[in-house]
There are 2 protein chains.
Amino acid sequence: MKKKNVTINNIAVAAGVSKTTVSFAFNYPERISKKIYDKIMRIAENLEYVPNPIARTLTTKKDGSIGLLFPQSIEKAFSNPYLAELLRGIGSICIEYDSAITLVAPEQNDIGKAVRHAAVDAFIAVGLEEYMITFQILKARQIPFICIDAVTEEDIYTVISEDELGAYILMNEVISYGHREIAVISLKPSKIFVATRNSAVNDLRIKGVSAASVKKEVNLHFFNSDCSIEGGMDAASLIFSNSSPGRKITSIVCLSDIIALGVYKYCAEHKLNIPGDISVCGFDDIPGASLVSPGLTTMRQFIYKKGRSAGKMVFEILNTGTSIRRICLKPELVKRGSLGRIEINDL
Amino acid sequence: MKKKNVTINNIAVAAGVSKTTVSFAFNYPERISKKIYDKIMRIAENLEYVPNPIARTLTTKKDGSIGLLFPQSIEKAFSNPYLAELLRGIGSICIEYDSAITLVAPEQNDIGKAVRHAAVDAFIAVGLEEYMITFQILKARQIPFICIDAVTEEDIYTVISEDELGAYILMNEVISYGHREIAVISLKPSKIFVATRNSAVNDLRIKGVSAASVKKEVNLHFFNSDCSIEGGMDAASLIFSNSSPGRKITSIVCLSDIIALGVYKYCAEHKLNIPGDISVCGFDDIPGASLVSPGLTTMRQFIYKKGRSAGKMVFEILNTGTSIRRICLKPELVKRGSLGRIEINDL
DNA sequence: TTGAAAGCGTTACCAT
DNA sequence: ATGGTAACGCTTTCAA
């Protein structure tokens, strides 16, 4: 069914030279005579010879691809623009090193299997938690790996944002606008793993919003949502049907922009004005946050830059054997129009 | 700098069995005695042995990854949610076959190099044009490949939308709303290739909008934009500064949603009301199109489904050696609120 | 059920 | 500058 591959051998025979010479022609053209080079290339072209990248990899031990590992399906992972933005950042570095990116999702719900099978030079794991068994497998693979958005041991390469601080600042902003009854929509853990365990990022952000709310007469109402538009819509519907009598929620703090966009969509469908009827904030500053109206007030976390940092780190490790252990990015409050002021007598 | 890898050999020696037996333990556990299996596994675990996927690939000739090929950098390609959506569709199929996806962008501006180097089982090429030399290289690689969004020879596997028809319908809709002076923002070709040649998709869409406008006293004003938010903003700025005296453009038809979102952003920044001051339509129906307000009227082209179709096709070829040659998806007009009605006396 | 040996297609090392 | 030969680490006959 498939033609027999033409190998370097065929070329060598046809050209009347050794395999080495052919190999040189492709990899170090300057080391052989122009005449022989041309001959080899002509024959290679006629025979439609293409070097087998796998065989090359076996000897060079360089695959030319970085694995991007995440604990969800590709379908799910890319429903949040966050990952695409991260990917852009990583890609902007990979291109400098002529490296591809291999998207590695769990196989048969087992991320360990995927890690074992992936032919890559290094892994960038996003959203992996240290308690996960994947970590052991990752270590066993004997190739470098770094983590994005994970709280890890000292000796593991990590790129992370100051999520707790970010959440703290964001909540302070909301409170300073006079809000007292505040819904917080947190991130539902990916169900592939221990469903009872929240992600480190989520924990950090909850810690931050809680710390900001502790001293005042502020009431936080916690909700939980899948990281998607639909999740946000569902959570919003719950919030608006559930608000306890007497106390009306005036603001929704979403621990992820994509959730906030879901809330926006719900509000649009229910003729709820933002920020007139309800204030909304997000977290991340994905590209869509500046496109909706009013613009979404959010904690920017420089996703693209985070990807670049991770990319730089990975290639530094690959090339020099080591790197800074941990990069921590500072978030930044982006004020757009989705947060309204509440006067005391409004309550 | 890197530890010596522990190989199947080490395990065999340590366990006092042959390499074959160890290999069986990992691949056909049922064929060896439970006792030996356990022993091997225990030793493998202690030594932190992980089979080398590259070596495996060299013999099995299955890499476990599909290459997604595009003629731009990853950074650029993923700035349009279109690709992420396509990826989601492809990913939804790959997961069924335990396959990863390798993102293959040009190396040193040379997509051919990237094609040669990528260790993948098959390629899905998006936005490649047949006149490009890449096609020859793709063929030479002797692995299956299919094209998305390309006009190709008969015998090449292709998934495409009826872009011309879609553009025709869309433009008809705009005209039926009374618009007569219409700006069309088309897609600037990716500059990696012949810059003077437009993409097939773009050609088709232009053909469609033109065909719809030919009989009436409709004036099309053509502009050109990079497929990005920024591109859309720039084009909008040009349109609003350029509109010829006397004749005012009342509607902007963007041949891609992402461009339309850029136009939205420009309008928001310049206090231009959509559709009050200007009507806007898009093409594709990316997720963001339903998030902005007013919702973007656009030609939906079922991007996710397109990805799924491509994924199915590729695995069918891989598994059976062949498949349907060409899948053509029908687009669908999605009316939201961005298209306003023009009364004759408005003009 | 287990073992020996032959590939898989390349690159790398050491001569010449 | 060119050639011979040994890896690279696994899977897969074929025998035992």
Side-chain angles (χ1 to χ4, degrees), chain A residues 2-41 43-44 47-64 116-121 140-143, chain B residues 2-41 43-44 47-64 116-121 140-143:
Chain A
K2 214 172 282 179
K3 298 181 211 171
K4 177 135 185 51
N5 284 332
V6 9
T7 74
I8 203 171
N9 246 314
N10 301 291
I11 309 298
V13 171
V17 297
S18 77
K19 292 196 282 184
T20 315
T21 310
V22 179
S23 178
F24 274 17
F26 279 92
N27 299 304
Y28 314 98
E30 68 280 6
R31 291 203 204 166
I32 62 176
S33 68
K34 174 108 181 71
K35 199 171 150 183
I36 295 204
Y37 173 85
D38 287 341
K39 186 175 181 186
I40 290 175
M41 283 308 169
I43 293 176
L47 267 46
E48 296 193 322
Y49 164 73
V50 173
N52 179 331
I54 297 294
R56 189 216 297 285
T57 301
L58 187 60
T59 54
T60 60
K61 300 185 166 307
K62 296 234 85 222
D63 190 89
R116 285 186 231 272
H117 291 168
V120 297
D121 291 327
R141 271 259 351 225
Q142 304 280 35
I143 58 176
Chain B
K2 213 171 283 179
K3 299 182 211 170
K4 176 133 184 53
N5 283 333
V6 9
T7 74
I8 203 170
N9 244 315
N10 302 288
I11 309 298
V13 171
V17 298
S18 78
K19 293 194 281 185
T20 316
T21 310
V22 179
S23 177
F24 275 16
F26 279 92
N27 299 306
Y28 315 98
E30 67 281 5
R31 290 204 204 165
I32 62 176
S33 68
K34 174 108 181 72
K35 201 171 148 183
I36 295 202
Y37 174 83
D38 287 340
K39 188 175 181 187
I40 290 175
M41 282 310 168
I43 293 175
L47 268 45
E48 296 191 321
Y49 165 73
V50 173
N52 178 328
I54 296 294
R56 189 216 296 287
T57 301
L58 188 58
T59 55
T60 60
K61 297 182 170 310
K62 296 233 85 220
D63 189 89
R116 284 186 231 272
H117 291 168
V120 296
D121 292 327
R141 270 269 337 235
Q142 303 281 31
I143 59 178

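Numbers restart at 1 for each chain; the letters A, B, ... are given by sequence-line order, proteins then strands.
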For [X], which residues count as a side chain to side chain donor-acceptor pair (under 3.5 Å) partner, sequence neighbours excluded?
X: N27(A); answer: S23(A), R56(A)
X: T60(B); answer: none
X: T20(A); answer: none
X: S18(A); answer: T21(A)

Separation of [N] [atom2] from [X] [atom1] (nearest whole Å):
X: I8(B); N: dA4(C); atom1: CD1; atom2: P; value: 14 Å
X: K61(A); N: dC13(C); atom1: NZ; atom2: P; value: 13 Å
X: I54(A); N: dT11(C); atom1: CD1; atom2: P; value: 13 Å
X: N9(A); N: dG7(C); atom1: CG; atom2: P; value: 12 Å
X: R56(A); N: dC10(D); atom1: CZ; atom2: P; value: 21 Å
X: N52(A); N: dG7(C); atom1: CG; atom2: P; value: 18 Å
X: L58(A); N: dT10(C); atom1: CG; atom2: P; value: 12 Å
X: D63(A); N: dT10(C); atom1: CG; atom2: P; value: 16 Å

So what does [X] hit on the nucleic acid, given a heavy-atom distance under 4.0 Å: a base, only sugar-phosphate, or nothing?
X: P51(B); result: sugar-phosphate
X: Y28(B); result: sugar-phosphate
X: Y49(A); result: sugar-phosphate
X: Y37(B); result: nothing

> Between the two end axes of the helix from dT1(C)-dA16(D) to dT16(C)-dA1(D), each built from 5 base pairs, what angle do you get to the nearest 10°?
Replying inline: 30°
> Which pairs count as salt bridge (Lys or Arg N to Asp or Glu O under 4.0 Å) when at least one residue sits in residues 25-34 of chain B, sequence neighbours excluded?
Replying inline: K34(B)-D38(B)
Between the protein and nucleotides 1-5 of chain D, are there any N/O to N/O pairs under 3.5 Å, and if so, what are the atom names and distances?
| from | atom 1 | to | atom 2 | distance (Å) |
| --- | --- | --- | --- | --- |
| dT2(D) | OP1 | S33(A) | OG | 3.3 |
| dT2(D) | OP2 | S33(A) | N | 2.9 |
| dG3(D) | OP2 | S18(A) | N | 3.1 |
| dG3(D) | OP2 | T21(A) | OG1 | 2.4 |
| dG4(D) | N7 | T20(A) | OG1 | 3.2 |
| dG4(D) | O6 | T20(A) | OG1 | 2.7 |

> So does S23(A) get a side-chain nitrogen or oxygen closer than 4.0 Å to the phosphate oxygens (OP1/OP2) of dT10(C)?
Replying inline: no
> Which one, dG9(D), dA7(D), dC8(C), comes nearest to the side chain of T59(A)?
Replying inline: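 Among the listed nucleotides, the one closest to the side chain of T59(A) is dA7(D).
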> Is the closest side-chain heavy-atom distance between N52(B) and T7(B) below 4.5 Å?
Replying inline: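 N52(B) does not reach T7(B) side chain to side chain.
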> Got a sec, which residues hit side chain to side chain contact (heavy atoms under 4.5 Å, CB included) with L58(B), two or more places apart in sequence or on another chain?
Replying inline: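 Side chain to side chain contact (heavy atoms under 4.5 Å, CB included) list for L58(B), sorted by chain: I54(A), A55(A), L58(A).
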>> Holding to side chain to side chain contact (heavy atoms under 4.5 Å, CB included), I want the full list of residues that pass it with A12(A), two or more places apart in sequence or in another chain.
In response: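 With sequence neighbours excluded, A12(A) shows a side chain to side chain contact (heavy atoms under 4.5 Å, CB included) to K19(A), V22(A), given in chain and number order.
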> Nearest 0.5 Å, what's the CG-OG1 distance between D63(B) and T57(B)?
Replying inline: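 Here the interatomic distance stands at 4.5 Å.
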